[in-house]
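Naming: A, B, ... by sequence-line order, numbering from 1 per chain.
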Protein chains: 2
Amino acid sequence: MNLTASAGQAVEGLVRKLRARDVLSRQEEEALASSVGEVKEVGPGRILVREGVSLSECNLLVEGMVCRYKELNDGQRQILELHLSGDFVDLHSFPLKRLEHNIGSLTPVRIAIIPHERLKRITEEHPHLARMLWFSTLLDAAINREWILSIGRRSALARVAHLLSELHVRMGIIGLVHDRRYPLPLTQTDLADATGLTAVHVNRMLKKLRDEALVTFRNGEVTIHDWDGLQGLAEFDPTYLYLERRPR
Amino acid sequence: MNLTASAGQAVEGLVRKLRARDVLSRQEEEALASSVGEVKEVGPGRILVREGVSLSECNLLVEGMVCRYKELNDGQRQILELHLSGDFVDLHSFPLKRLEHNIGSLTPVRIAIIPHERLKRITEEHPHLARMLWFSTLLDAAINREWILSIGRRSALARVAHLLSELHVRMGIIGLVHDRRYPLPLTQTDLADATGLTAVHVNRMLKKLRDEALVTFRNGEVTIHDWDGLQGLAEFDPTYLYLERRPR
DNA sequence: CGTTCGATTGAGTTATCTCAATAGGCGTGG
DNA sequence: CCACGCCTATTGAGATAACTCAATCGAACG
């Protein structure tokens, strides 16, 4: 059936992400796919979820890139996390019922909508799958914590290097790294808002990373020249991404 | 029965925390209490959970204060979150199976141990309670995100003010604020590690907050002199603590 | 009563920011 | 097809928030 096929496609990225960490049964995959409601397309630079609004459905990112962010009164923005295809961007709105931050699209995106009602049923009928979904929200929290360390204690250069390293690994998982390159449709201002720096300073750090032949970020594409050197500089250790498969 | 009584006491703080946000049935409370295994006491400055170690139980903080933290190679430390009585400190180890950061005691603490096996049973037999536990891990994530904003974009003064504000509210929930004062058994170095600053600079910021008659932190105690002024300076808005009770 | 740890303060340093100017790329409309 | 305007990237120069180093002081502790 057509609808099922597209629902299957919609959850494909998520399924791959979960399977990288644990065993997902056929029934569980079906339960996920059958939970997908509408699939919609949204342009870049749009707010997908606004802070404080009462929610009754979640957004699964099928294609494109989105970010979560908060702003201060003077207009300063802080990006809290970047999301790639397959990320269940605001799954946490299911237990929380609202978000305390915004979610915005950075590129044109395709989004699968999953009603909270369906998720509730999953927690009742598929406890193991529910635990995996729980896990995936905690993976976001682990990324949040690594960013706290990064912004709080790493130098500007290491912060940028760390972010590009994290994205390299996460892009790799979803098959978007080819020949040590991956797409990164961000401006230097976005990068600054993600690292707690200024756009001007990010520019200088990128130049330095380029000059030291570690990475290049240009024209929306990142090229890794020296992965070991980059990881070393950033003190990047991917264990916080919980990539090993679980025992059992 | 004696054991039940002490288990009831052990989960009391958590129960209060959950009840501040949703309805918790008698059976659910019992299910929680009956999940408590050992209750143990640990001295200050000890590591309760070490990063990377495979885990099969969680720690519920009954009394005292603990923190999660990470360190860089050069010894710089970043505190990721502070936990108070009633916090289910490493509930996230249930889905994650290991942590990517350390958990250390800041004071003498009393800890209730809850085996993962019991939690698994809760997810199978008490889906609503399981969702509340999920919620409580996401509350930590919300705090993490607010810290990212704070460290990334607030001034040093506002960062310290924000942290003292957050703790004021959280201490209030568990009944530890009396007469605009609450206990805070941290050194200025700890505060620095939580805010991504230097101990020296934290000292100066504390002096400034004192001089401006906003807050005083001295002898392990915080006194709020001007709550509105403090909140204003910090741009502190407690909605990220999800304190409203859920509809239904 | 010496030792240690945390708090405090001064003085000089530096990483990062701010302001500002220039240049490149790209879309739109004449 | 060119010209204009806008957005992003780049670079220089000067400003400043936060850091480092270092000395003093007080309280706790054995």
Side-chain angles (χ1 to χ4, degrees), chain A residues 43-45 65 72 74-79 106-108 150-164 183-212 215-223 233-234, chain B residues 43-45 65 72 74-79 106-108 150-164 183-212 215-223 233-234:
Chain A
M65 197 157 173
L72 291 179
D74 63 1
Q76 284 192 95
R77 181 174 75 145
Q78 177 66 46
I79 291 181
L106 295 162
T107 63
S150 220
I151 297 175
R153 291 299 187 206
R154 275 187 250 259
S155 69
L157 189 66
R159 259 185 257 182
V160 174
H162 193 277
L163 180 56
L164 296 180
L184 187 62
L186 299 181
T187 64
Q188 293 184 2
T189 300
D190 294 331
L191 236 38
D193 288 344
T195 50
L197 297 168
T198 304
V200 171
H201 204 57
V202 164
N203 180 285
R204 293 191 224 269
M205 296 303 103
L206 287 173
K207 177 171 163 53
K208 196 159 189 181
L209 291 172
R210 230 182 299 127
D211 290 350
E212 298 189 2
V215 233
T216 298
F217 168 52
R218 191 159 263 172
N219 303 323
E221 187 176 71
V222 175
T223 307
L233 169 65
Chain B
M65 196 157 174
L72 291 180
D74 64 1
Q76 283 192 95
R77 181 174 73 146
Q78 177 65 48
I79 292 181
L106 294 162
T107 65
S150 221
I151 298 175
R153 291 299 185 206
R154 275 187 250 259
S155 69
L157 189 66
R159 259 184 256 182
V160 174
H162 193 277
L163 179 57
L164 296 180
L184 187 62
L186 299 182
T187 65
Q188 293 184 0
T189 300
D190 294 331
L191 238 37
D193 288 344
T195 50
L197 298 168
T198 303
V200 171
H201 203 58
V202 164
N203 180 284
R204 293 190 225 269
M205 297 302 103
L206 287 172
K207 177 170 163 53
K208 196 159 187 180
L209 291 172
R210 230 183 299 127
D211 290 350
E212 298 188 2
V215 234
T216 299
F217 168 51
R218 191 160 264 171
N219 302 323
E221 188 177 70
V222 174
T223 307
L233 170 64

Mapping A/Arg153 and A/Gln188 onto DNA chain D by nearest heavy atom, which one lands closer to the 5' end?
->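 The residue whose closest nucleotide sits nearer the 5' end is A/Gln188.
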Give the rounded distance in Å between these two atoms: [atom1] of [X] and [atom2] of [N].
X        : N      : atom1 : atom2 : answer
A/Lys207 : D/dA9  : NZ    : P     : 15 Å
A/Arg159 : C/dA15 : CZ    : C1'   : 10 Å
A/Met205 : D/dA9  : CE    : C1'   : 15 Å
A/Leu186 : D/dT8  : CG    : C1'   : 13 Å
A/Asp74  : C/dT18 : CG    : P     : 10 Å
A/Arg218 : C/dG25 : CZ    : P     : 10 Å
A/Leu209 : D/dT10 : CG    : P     : 12 Å

Consider the side chain of [X], meaning its heavy atoms from C-beta on, and name the nucleotide among [options] that approaches it most closely.
X        : options                : answer
B/Leu197 : D/dA18, D/dT20, C/dT16 : D/dA18
A/Val200 : D/dA18, C/dA7, C/dT18  : C/dT18
A/His201 : C/dA20, C/dT16, D/dA18 : C/dT16
A/Arg204 : C/dT18, D/dA18, C/dT16 : C/dT18
A/Thr187 : D/dT8, C/dA7, C/dT9    : D/dT8

Take A/Arg154 and B/Arg210, find for each the nucleotide of DNA chain C with the closest heavy atom, and name the residue whose nucleotide sits nearer the 5' end.
->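 Closest to the 5' end, via its nearest nucleotide, is B/Arg210.
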If you measure from the Lys or Arg side-chain nitrogens to the Asp or Glu carboxylate oxygens, is any gap between B/Arg77 and B/Asp190 under 4.0 Å?
->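 Answer for the salt bridge query: yes.
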Give a yes/no on whether any side-chain N or O of B/Asn203 is located under 4.0 angstrom from OP1 or OP2 of C/dA7.
->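 Negative; the distance criterion is not met.
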Using a heavy-atom cut-off of under 4.0 Å over every strand shown, decide if B/Gly220 touches base, sugar-phosphate, or nothing.
->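 No contact.
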Go through the structure and list residues passing salt bridge (charged side-chain N to carboxylate O under 4.0 Å, His left out) with B/Glu221, not counting sequence neighbours.
->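 Salt bridge (charged side-chain N to carboxylate O under 4.0 Å, His left out) list for B/Glu221, sorted by chain: B/Arg181.
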Can you name the salt bridge (charged side-chain N to carboxylate O under 4.0 Å, His left out) partners of A/Lys207, sequence neighbours left out?
->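 Checked A/Lys207 against salt bridge (charged side-chain N to carboxylate O under 4.0 Å, His left out); matches are A/Asp211.
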Closest approach of A/Ala161 and A/Leu233, non-hydrogen atoms and distance?
->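 Nearest heavy atoms, A/Ala161 then A/Leu233: CB-CD2, 4.1 Å.
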Quantified as the angle between the terminal helix axes (five pairs each), what is the overall bend of the helix from C/dC1-D/dG30 to C/dG30-D/dC1 to 10 degrees?
->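 One end axis against the other gives 40°.
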A/Asp74, CG atom: more than 12 neighbouring heavy atoms under 6.0 Å =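 Atom CG in A/Asp74 is crowded, with more than 12 foreign heavy atoms closer than 6.0 Å.
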Between B/Phe217 and B/Val160, is any pair of side-chain heavy atoms under 4.5 Å apart?
->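 Not in contact.
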Close side-chain approach of B/Gln78 and B/Asp193, heavy atoms under 4.5 Å =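 No, side chains not in contact.
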